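Basis for what follows: all heavy atoms, side chains included, without hydrogens, waters or symmetry-related copies. Here the structure is a predicted model, which is why all the values come from computation and not from measurement.
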Amino acid sequence: MNKEEKEILINKYLLQACDESEKQMVEKLVQEDEEARVIFKQTELLLKKLENEPTLQPSESLRQTFLLSLANELKPTQATNSFNMKVFYKVAAAFLVIATSVAAGFWVNTLVQERKEYAALQKEMQETKALLLSMMKNPMSASQRMVGVSQAADFSSLDQDIIKSMFRLLNEDPNSNVRLAALEALARYNTKEIKEQLLISLEKQQDPVVQVALIKLLTQDNNQAIKPTLEELIQKEGTEKAVRDAAHSALLRLS
Amino acid sequence: MQLLSKHTDEELMVAVKNGAIEKAAILFDRYHVRIFNYLSRLALNKEVGEDLTQNVFLRMLKYKHTYKEQARFQSWIYQMARNVFADHYQSMKKTMRSQTPIESLAELLPEHDDARQVEMENRLHLSLQKLNEEQRELLVLTRFQQMKYEEVADIMETTVANIKIKVHRAIHKLREIYFETEAYE
């Protein structure tokens, strides 16, 4: 029996895939053959090591983020269901008003139910907002902050706490990808106030990648107010070449 | 508590497919630790493993309509995890960052006071790193996760005989690398 054949048989034995005659063959081989004994001991040790490896535990944020995504998936479904139910209740109530006096009671009941649903929805929105803000503040994980920013942009049209957090990430986050994600999210709002704050951010911004992205964004709609900031960037000592080039071409486009 | 649901994985996934999306939370609770371990050990990095696990379950929601009712859920979700890892691996190759830093390997090691034990664990992980992706994957599934060959064959869409041969080769290769390192040291 050559070495490879011995190995196959020993592996089979240790993986408990041998029949009775093969088992006896391996046991005899290990007793009589030095090479087989070494293979057996080494493989046995390795397999034990592999099987004794502890289970790794993910952080709690993995679960939180998934449940948040799940809640987002659920929203449209619930909205549709609740719309259908409302329509159903209204039709039923209209029919019953004509038919019996019970309709009034039913209608009042529906209103109470709707108010309750609205209060529950408000509560859920507050909880989701708190979770998003905590994700955006998570100093341990850039990916969490990015997910927080992207989900927050979907979550709210103009929530001041969320906007403030996004600007803090845009101006101060140590990770360029997080800054860019914050910029992308803020760009979706497209209001005068946000654009003014983005211009201030360009003046403060130290990250060249974000500076270039800001220049592109702020010059998209022929915004003349950006010109002094661009000129200042070109003049400023220490401005990266790529940023200076982007500022130059933006100025050309604006003139 | 959700883990104790009476429903099978397959029943739950069919319910998710048919609109009971909240049932996905039960499947997440049943599988996320296993998928996280699988991906962390393939990527040799816990942080990457966590991001990829998140992607797997987001894909599960996105592609719920592709689940076939007769299919085994475990195979379906692991195949999704394989695809997520393959995408990650391709993008890592493109960005030239495929080398796993030694510090991230250390995250996968259990905590020990015994220096000899630490050194041996370290050697095992370094040896695993030297296997090719497929060999590492086979050992993660069959040895770390203790799946049956039939289950692995189902996930990898091949025959049991083929899996047996490949597992044998992977163990052979790992033994060579591991004890070669020991001899060198």
Side-chain angles (χ1 to χ4, degrees), chain A residues 3-18 38-78 80-81 135 140-144 146-147 150-151 177, chain B residues 16 19-25 28-29 32-41 46-51 53-54 56-58 60-62 64 107-111 120-121 123-125 127-128 139-140 142-146 149 164-165 167-172 174-179 182:
Chain A
K3 192 178 175 188
E4 198 187 345
E5 286 167 340
K6 286 178 201 168
E7 265 197 71
I8 292 173
L9 204 56
I10 289 168
N11 278 355
K12 222 174 154 188
Y13 180 91
L14 289 168
L15 298 172
Q16 294 170 351
C18 278
V38 171
I39 295 171
F40 187 93
K41 279 188 182 166
Q42 289 183 342
T43 312
E44 188 182 34
L45 177 79
L46 259 186
L47 291 177
K48 268 190 194 154
K49 278 188 169 300
L50 288 172
E51 277 153 28
N52 290 339
E53 276 285 297
T55 303
L56 306 169
Q57 288 304 324
S59 70
E60 182 53 26
S61 64
L62 176 64
R63 191 166 192 280
Q64 282 177 354
T65 313
F66 176 72
L67 292 181
L68 186 67
S69 311
L70 197 57
N72 280 340
E73 283 277 322
L74 279 167
K75 267 180 200 163
T77 317
Q78 283 178 346
T80 313
N81 287 345
M135 284 169 76
M140 303 304 289
S141 165
S143 63
Q144 278 284 303
M146 283 175 73
V147 172
S150 128
Q151 300 270 8
N177 290 331
Chain B
V16 171
I21 296 169
E22 69 281 359
K23 297 269 194 301
F28 178 86
D29 283 344
H32 78 281
V33 175
R34 289 166 65 188
I35 297 286
F36 166 70
N37 273 265
Y38 166 68
L39 290 168
S40 298
R41 293 197 186 281
K46 271 174 85 173
E47 199 181 321
V48 173
E50 204 158 299
D51 280 349
T53 305
Q54 193 66 253
V56 171
F57 286 96
L58 293 180
M60 178 182 89
L61 294 179
K62 190 173 175 189
K64 55 186 182 294
E107 285 181 1
L108 299 175
L109 299 175
E111 287 175 14
M120 283 170 77
E121 301 286 1
R123 196 190 327 144
L124 177 67
H125 286 88
S127 306
L128 281 166
L139 291 182
V140 169
T142 57
R143 310 322 306 164
F144 290 136
Q145 308 221 329
Q146 298 181 2
Y149 289 147
K164 278 183 184 173
I165 293 167
V167 169
H168 161 71
R169 284 185 189 147
I171 293 173
H172 167 77
L174 183 67
R175 192 174 63 80
E176 265 188 5
I177 297 169
Y178 184 89
F179 289 99
E182 184 181 58

Assess whether side-chain contact (heavy atoms from CB on, under 4.5 Å) is satisfied between A:Leu15 and B:Arg143, documenting all intermediate values.
CA-CA 10 Å; A:Leu15 298 172; B:Arg143 310 322 306 164; 3.1 Å; yes
Spacing of [atom1] belonging to [X] relative to [atom2] belonging to [Y], to within rounding of 0.5 Å:
X	Y	atom1	atom2	result
A:Thr65	B:Leu58	OG1	CG	9.0 Å
B:Gln54	A:Gln64	CD	CD	10.5 Å
B:Leu124	A:Glu53	CG	CD	5.5 Å
A:Ile8	B:Arg169	CD1	CZ	8.5 Å
A:Leu14	B:Ile171	CG	CD1	8.5 Å
A:Leu50	B:Leu139	CG	CG	6.0 Å

Donor-acceptor contact below 3.5 Å, side chain B:Glu50 vs main chain A:Ser59
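Side chain of B:Glu50 to backbone of A:Ser59, a donor-acceptor pair under 3.5 Å: yes, one is there.
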Of the backbone (N, CA, C, O) and the side chain (C-beta and beyond), which part of A:Leu47 lies under 4.5 Å from a heavy atom of chain B, both, or neither?
side chain
Using non-hydrogen atoms and a 4.5 Å limit, figure out which bit of A:Leu46 sits close to chain B: side chain, backbone, both or neither.
side chain
Qualifying residues under salt bridge (Lys or Arg N to Asp or Glu O under 4.0 Å), relative to B:Lys164, sequence neighbours excluded
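Not a single residue meets the salt bridge (Lys or Arg N to Asp or Glu O under 4.0 Å) criterion with B:Lys164.
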So, the part of B:Phe144 with a heavy atom under 4.5 Å from chain A: the answer is both
Tell me, side chain or backbone of B:Lys64 under 4.5 Å from chain A's heavy atoms, or both, or neither?
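For B:Lys64, the contact with chain A is made by the side chain alone.
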Do you know which two heavy atoms are closest between [X] and [Y], and how far apart they sit?
X	Y	result
B:Val33	A:Pro58	CG2-CD, 4.1 Å
B:Phe28	A:Leu62	CZ-O, 3.9 Å
B:Ser40	A:Leu56	CB-CD1, 3.8 Å

Residues at least two apart in sequence or cross-chain that pass side chain to side chain donor-acceptor pair (under 3.5 Å) with B:Tyr149, listed by chain then number, are none
Tell me whether the count of non-hydrogen atoms from other residues, nucleotides or ligands lying under 6.0 Å of CD in A:Gln16 goes above 12.
no
Judged by modelled atom types alone, do A:Glu4 and B:His168 share a side-chain donor-acceptor pair under 3.5 Å?
no
